[in-house]
2 protein chains.
Amino acid sequence: MDRRLSEVEYEQHLHAARELLYDYLPLTDEQWEVFKQGFKIRNYLKGDFILNEGETERFLSIVISGCTRHYVMVKGEEKSFDFSFQHEFNCSYSSFIQQEPSMFFIQALEDCVLASIHYDFLQQLYLYYPESNKFGRTAVEQYYIWREQREISLMTDSAQERYIKLMEKYPIYLEQVPLKFLASYLNVKPESLSRIRKKILDER
Amino acid sequence: MDRRLSEVEYEQHLHAARELLYDYLPLTDEQWEVFKQGFKIRNYLKGDFILNEGETERFLSIVISGCTRHYVMVKGEEKSFDFSFQHEFNCSYSSFIQQEPSMFFIQALEDCVLASIHYDFLQQLYLYYPESNKFGRTAVEQYYIWREQREISLMTDSAQERYIKLMEKYPIYLEQVPLKFLASYLNVKPESLSRIRKKILDER
DNA sequence: ATTAAAAATTGACCTATGTTAAGAAGATGC
DNA sequence: GCATCTTCTTAACATAGGTCAATTTTTAAT
């Protein structure tokens with residue numbers, strides 16, 4: 001974690017968080033006054049670890065700026081299985097859900113600002129504002145669908161197909177993620193991704 | 001769907017459903033009287049389709065007996081990506097969550113009895129009993145974790161490793177699922193699964 | 001700007017899994 | 001119980017992607 005933020009910056013980031021949250025949970029000004037107490041603005045430098053394997057994830061965060069990589073270390077190898085870009089949520093969900101040690105690392109791919117809700121605060125919300133339970137449910141539901149899509153893609157598409165689809169649907173991956181991490185996300189070695197990229201170029 | 005059930009059988013199945021639900025949502029006798037109105041006992045013969053691709057999933061079900069296979073049809077090929085065994089939930093979740101057409105088929109692998117809650121009833125529950133929102137949330141959270149585990153296994157383990165782990169952790173798959181479906185679940189062709197099984201035998 | 005370090009590419013060769021085809025073993029129906 | 005159909009296995013060959021090693025390109029540090 002990095003330098004202190006000015007009061008003004010802090011408020012700006014909080015405001016941004018409210019905007020981004022709106023689709024899930026539109027809040028009146030009064031509600032927001034309560035809600036914002038639960039937020040913490042955190043900022044990281046490129047390469048910093050936002051969460052380490054074995055730590056329990058205490059925060060559900062919104063990426064105000066920057067992007068993060070989620071990876072697991074298996075047999076001495078890093079496997080990148082998710083990224084969070086600007087305006088998306090960022091969290092080691094299974095750790096957060098269960099409040100048990102995370103199997104994953106989360107690392108800042110760029111300098112990052114996160115607006116983070118603490119687990120305990122969210123539980124309070126669930127308790128006092130039952131409708132926020134719906135917010136929690138909807139969020140997980142969205143992730144569920146995302147994971148399912150990806151699982152099916154891993155089962156049915158070749159690495160080349162996965163690369164092309166990603167390029168077409170989510171070009172941000174190509175713009176913001178180093179190829180070695182992207183390769184891992186596509187479930188191939190960097191050398192193979194290179195070959196795939198070359199093949200695609202040659203075919204044009 | 002099959003023969004009519006006797007009143008007694010119907011009540012027995014409902015009772016079983018309550019028992020199975022208990023871990024997620026313990027209910028008093030009075031609560032259960034309300035709750036059980038929302039259940040429907042459905043029964044299927046081996047091979048029946050419980051849900052077809054393109055249909056919207058209206059039910060979240062508990063498998064009272066039997067087991068089901070969830071698969072997607074891609075490029076003319078069936079890909080089995082999930083099974084529901086006795087006492088587990090059964091649902092095309094992403095379809096149910098979004099109330100949009102399912103990408104998946106669900107088929108009875110054996111004769112099946114399901115205790116099913118209708119989507120609309122569940123929404124009513126969420127509305128009138130906010131604590132049941134937690135039930136919905138917890139259920140999806142459990143599935144999320146399951147999908148995540150599987151995704152990581154698909155990324156990091158060889159087919160042989162996946163087979164061995166499955167055999168050791170969940171032998172029920174081997175007992176109840178034909179090898180051709182199991183192969184698909186492990187993301188290999190039946191011929192490859194055969195080779196893997198042979199190799200394991202030879203190594204003993 | 002210069003140098004060092006990291007990332008990306010390329011080529012030669014290897015391995016796990018896919019493909020095709022055939023036969024053996026098991027299940028199902030009459 | 002016999003015939004038929006489906007599932008499972010085996011073998012020969014093909015291929016996508018892995019491995020290892022060298023080279024080029026990009027990025028970062030002084």
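Just so we're on the same page: letters track the sequence lines, and every chain starts at 1.
Annotation: side chain of A/Glu53 is not in contact with side chain of A/Val72 (no heavy-atom distance under 4.5 Å). A/Phe83 places a side-chain heavy atom less than 4.5 Å from the side chain of A/Arg69.
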Per-nucleotide protein contact string for nucleotides 19-30 of chain D (B base, S sugar-phosphate only, - none; heavy atom under 4.0 Å): SB-------S--
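Partner A/Asp157 forms a salt bridge (Lys or Arg N to Asp or Glu O under 4.0 Å) with one of A/Lys165, A/Arg162, A/Arg150 and no other, that one being A/Lys165. Screening B/Phe104, B/Phe181, B/Tyr93, B/Phe105 for a ring pair (Phe, Tyr, Trp, His ring centres under 6.0 Å) involving B/Phe81 leaves a single residue, B/Phe104. Considering B/Asp29, B/Leu27, B/Val34 in turn, B/Leu27 is the only one that fulfils the side-chain contact (heavy atoms from CB on, under 4.5 Å) rule with B/Gln31.
Ring centroid separation for the pair B/Phe85 and B/Tyr173 comes in under the 6.0 Å cut-off.
Across A/Gly54 and A/Pro101, no two heavy atoms sit closer than the pair O-CB, 3.3 Å. Between B/Tyr10 and B/Ile41, the shortest heavy-atom contact is OH-N, 3.1 Å.
Place A/Asp157 and B/Ser194 on DNA chain D by their nearest nucleotides, and B/Ser194 ends up nearer the 5' end.
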Verdict with reasoning, B/Ser84 to B/His70, per side-chain hydrogen bond (donor to acceptor under 3.5 Å, both in side chains): CA-CA 8 Å; B/Ser84 299; B/His70 302 219; 3.2 Å; yes
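Here the range on DNA chain C touched by chain B, meaning any atom under 4.0 Å from one of its heavy atoms, is C/dT17 to C/dT28.
Every residue two or more places apart in sequence or in another chain that forms a side chain to side chain contact (heavy atoms under 4.5 Å, CB included) with B/His87 is listed here: B/Leu20. With sequence neighbours excluded, the residues that form a side chain to side chain donor-acceptor pair (under 3.5 Å) with A/Glu11 are A/Lys36.
Comparing the axis of the opening five pairs of the helix from C/dA1-D/dT30 to C/dC30-D/dG1 with that of the closing five pairs yields an angle of 60°, rounded to 10°.
Distance, B/Ile200 CD1 to D/dT10 P: 13 Å, rounded to whole Å. For the pair B/Arg197 CZ and D/dT9 C1', the computed distance is 10 Å after rounding to whole Å. Protein atom CG of B/Leu193 is 14 Å distant from nucleotide atom C1' of D/dT10, rounded to whole Å. If you measure from atom NZ of A/Lys198 to atom P of D/dG17, you get 17 Å, rounded to the nearest angstrom. Distance CD1 (B/Ile196) to P (D/dC8): 14 Å, rounded to an integer number of Å.
Between the side chains of A/Ser192 and A/Arg195, a donor-acceptor pair is found at a separation under 3.5 Å.
Ion pairing between A/Asp82 and A/Arg147 holds under the 4.0 Å rule for side-chain N and carboxylate O.
Taking a 4.0 Å limit (strictly below) on heavy-atom distances, residues 170-187 of chain A reaches DNA chain C at A/Pro178, A/Leu179, A/Lys180.
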